[in-house]
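Note sheet for the following structure.
Below, chains carry the letters A, B, ... as their sequence lines are ordered, and counting in each starts from 1.
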Amino acid sequence: MPVIDVAVPVPLRQTFSYTCESKLAAGVRVSVPFGRRQLIGVVTASYDDPPGADDSTPALKPVSEVLDEQPLFDRTLLSLTDWLASYYHHPVGEVWATVMPSRLRKGSPLSDKSPAYTLTEAGEQEALSKTLKGKKQLECIALLASGPMAQEEVKSRFSSAVLKALEEKALITATTIAHKASADWSSFTLQQTPPTASTEQGVAIAAINQQAHHFVPYLLDGVTGSGKTEVYLQVIEPVLKQGKQVLILVPEIGLTPQTVGRFERRFGITVGVLHSQMTDLARLNVWQQARRGELGIIIGTRSAIFTPLKRPGMIIVDEEHDESFKQQDGLRYHARDLAVKRAHSENVPLILGSATPSLESLNNALNKRYTHLTLSQRAGGASHTQLKVLDSRDQPLHAGIAQGLVSIMRSHLQQGNQVLVFLNRRGFAPAVICHHCGQTVDCKSCERPFTYHKSQGRLQCHHCGASRRLPEQCGECHSHDLQTSGIGTEQLEHGLGTLFPDVKQVRIDSDAVKGKDKLITRLDEINARKYQLLVGTQILSKGHHFPHVTLVVVLDCDGALFSADFRAAEKLAQLITQLAGRAGRANKPGEMWLQTDNPGHPLLQDLINNGFAHFARQALQERKLALLPPYSSQAIFRAEANEAGLALNFLQQVRDCYRPSVNAAKGGFIGPLPCLIEKRQGRFRFMLVLQCPQRGALHSWLKHHLKEVESLPLANKVRWSLDIDPVDLS
DNA sequence: AGCACGCCGACT
DNA sequence: GTCGGCGTGCTC
């Protein structure tokens with residue numbers, strides 16, 4: 001009897017074998033008995049004769065049900081799934097679970113039906129009698145009188161209120177119809193005449209169009225406002241004309257109706273959208289439409305990289321440096337890296353776009369693995385925001401803002417302009433800094449600042465694990481004025497209210513704006529000048545433009561300058577550059593002040609004097625010398641437990657498993673160390689970093705010793721995970 | 001991860 | 001005398 005290997009959704013790094021009536025193709029879902037329960041898994045292989053000897057191996061159970069006639073995924077996605085499991089050293093069954101829309105995971109059949117609305121009998125009557133009062137409701141009835149219509153289409157014409165009302169009156173009802181025959185979107189006509197491309201844009205567009213039929217990775221390195229989206233639009237056009245599909249990945253926050261609208265308006269075709277807030281059904285729908293080749297453009301966040309494409313033509317990753325492309329739990333994949341992998345195996349061009357490219361991508365561009373396309377001019381000759389550093393040492397602080405800066409803010413506000421105050425609220429535990437001389441309290445053996453651990457009231461070095469008491473005075477100038485940097489946005493908002501009582505202010509952070517609509521409303525209100533003082537976090541740096549802002553203030557740069565996370569400087573530079581691109585316009589140039597106790601810090605100086613491009617190249621040099629990514633590969637084991645000792649012990653044992661091979665190659669460990677947020681939900685968290693200049697070596701150690709790690713007695717007592725190519729060392 | 005089995009404390 | 005605590009062990 002034929003035997004199949006099945007990946008079941010359990011955290012085990014293996015597949016399970018079952019007997020089956022006939023061989024099944026890889027990628028077909030099956031329902032199988034597993035212990036005492038019934039699970040849905042995916043076939044990974046099948047054999048006419050079981051490969052193992054049948055005397056010692058346990059008796060195989062038969063498959064209960066075969067759910068698909070055809071595999072769900074094509075060859076490319078099947079091999080991508082294999083690659084994911086081996087590269088991220090993650091259980092196959094869980095890989096499949098992340099790659100599939102949740103409906104399919106739960107066993108929904110792949111159907112040719114799509115949701116639709118139709119008239120009920122009462123509705124048919126109504127279509128004739130027309131007694132309804134609502135004008136819109138009558139229109140809707142009239143539309144459906146000619147037959148059932150796809151929900152998507154009905155929803156695009158009528159508000160949900162109208163539809164809800166009609167459903168409540170039982171005049172219309174949800175049903176399904178056979179999906180439209182493959183829509184031919186290649187015959188679109190441009191709805192808008194594209195603007196004439198600038199010289200630089202023209203060069204980029206021509207370069208991409210010239211090699212549109214095979215895999216070429218591009219880094220589109222374009223300053224804010226240089227018109228990257230226009231480049232996308234113009235290179236997409238010929239791809240669509242050939243009847244091929246374009247997959248566009250955008251950061252979580254960047255996926256606004258405006259973004260989607262821009263593509264729809266240009267081409268006049270339906271754009272498939274995929275993001276985390278959609279219902280499972282809606283996701284499945286777009287997934288199926290893309291698979292059937294009914295959508296020309298699919299825009300989505302991280303997980304959209306798994307969307308099947310019938311006729312792939314191009315993949316674009318916008319704002320490729322954005323951290324939201326890296327999944328931070330479960331299968332910790334990086335959608336940007338997967339995009340490269342996928343474009344390669346689909347043999348289509350790949351565009352990575354950013355004003356502040358990640359050092360990884362920039363390095364690939366500089367060493368010619370990617371074609372480097374640069375847009376250095378802002379469209380319409382808009383001027384660049386001026387960057388300046390404000391030395392806050394020995395200055396009185398008001399709500400965390402230095403005296404000198406308060407006066408600058410006041411003058412901008414008095415001229416009727418908007419001021420944006422940015423607070424870097426990210427999870428860096430603050431360094432302890434002398435407020436008199438700017439000196440940090442450093443670990444002697446690592447020459448890196450200690451991290452302040454509030455829970456213990458002690459300092460700890462996150463490089464060697466050394467710990468000491470919080471000193472009374474500065475080691476350099478003996479001032480007693482030692483401070484931890486960092487206040488929250490709420491505290492800042494309150495303080496600003498006292499400083500500028502007559503100015504209307506608004507706070508934009510994830511606490512203050514829950515839900516997409518609220519953010520958009522606030523942003524509209526800001527640009528309608530309803531507020532003068534804007535206080536916020538990350539969100540303000542992503543994709544929105546504030547033409548009336550003439551002053552941007554960045555507080556608390558110091559936390560990032562001395563963070564234990566070696567990527568903090570890069571992140572800060574990206575943030576500052578992105579923020580600078582948000583303010584001002586041609587006739588109202590903006591200025592930006594960076595408040596710091598370290599005005600001479602080489603990073604800040606390099607950034608303000610030479611710009612991001614120069615800074616990034618400098619940072620790459622430093623990484624090279626320190627053998628840090630992208631010049632080495634990293635993996636992190638993390639563990640958490642109710643008892644700190646358990647998690648720490650486990651990671652020490654993990655380190656012992658790896659020590660012989662790591663020492664033999666030129667690799668190294670960092671830790672085990674407590675995570676920056678040591679205690680979360682009552683559990684203590686630790687991490688162990690493995691590092692090696694050769695990616696291959698790192699992966700072979702991981703693979704080789706993972707069995708050992710899994711069978712450690714503590715492995716079942718702590719929650720542990722493995723993070724390959726981590727982007728966040730916290 | 002589930003979901004069992006299994007061996008020790010406070011309840012009708 | 002039982003109900004139930006969560007420790008550990010297995011799942012083709």
Among A:Phe306, A:Phe325, A:Tyr88, A:Tyr87, find the one that has a ring-ring contact (aromatic ring centres under 6.0 Å, His included) with A:Tyr333.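 Option passing the ring-ring contact (aromatic ring centres under 6.0 Å, His included) with A:Tyr333: A:Phe306.
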Main chain of [Y], side chain of [X]: is a donor-acceptor contact present, judged purely on distance under 3.5 Å?
X	Y	result
A:Ser632	A:Leu627	yes
A:Gln634	A:Gln691	no
A:Ser46	A:Leu24	yes

Any side-chain heavy atom of A:Asp5 within less than 4.5 Å of one from A:Tyr47?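 Yes, side chains in contact.
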Who are the side-chain contact (heavy atoms from CB on, under 4.5 Å) partners of A:Ser276, not counting sequence neighbours? none
Over 60° means perpendicular and under 30° means parallel, so classify the ring planes of A:Tyr658 and A:Phe637, tilted if in between.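 It falls in the tilted class, 30° to 60°.
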Boundaries of the DNA chain B segment in contact with chain A, non-hydrogen, under 4.0 Å: B:dA1 to B:dA4
Review item, nucleotides 6-12 of chain C N/O atoms under 3.5 Å of protein N/O:
residue, atom, partner, partner atom, Å
C:dT11, O3', A:Gly35, N, 2.9
C:dC12, OP1, A:Tyr18, OH, 3.4
C:dC12, OP1, A:Pro33, O, 3.1
C:dC12, OP1, A:Gly35, N, 3.4
C:dC12, OP2, A:Lys61, NZ, 2.5
C:dC12, O3', A:Ser17, O, 2.8
C:dC12, O3', A:Lys61, N, 2.8
C:dC12, O2, A:Ser17, N, 2.7

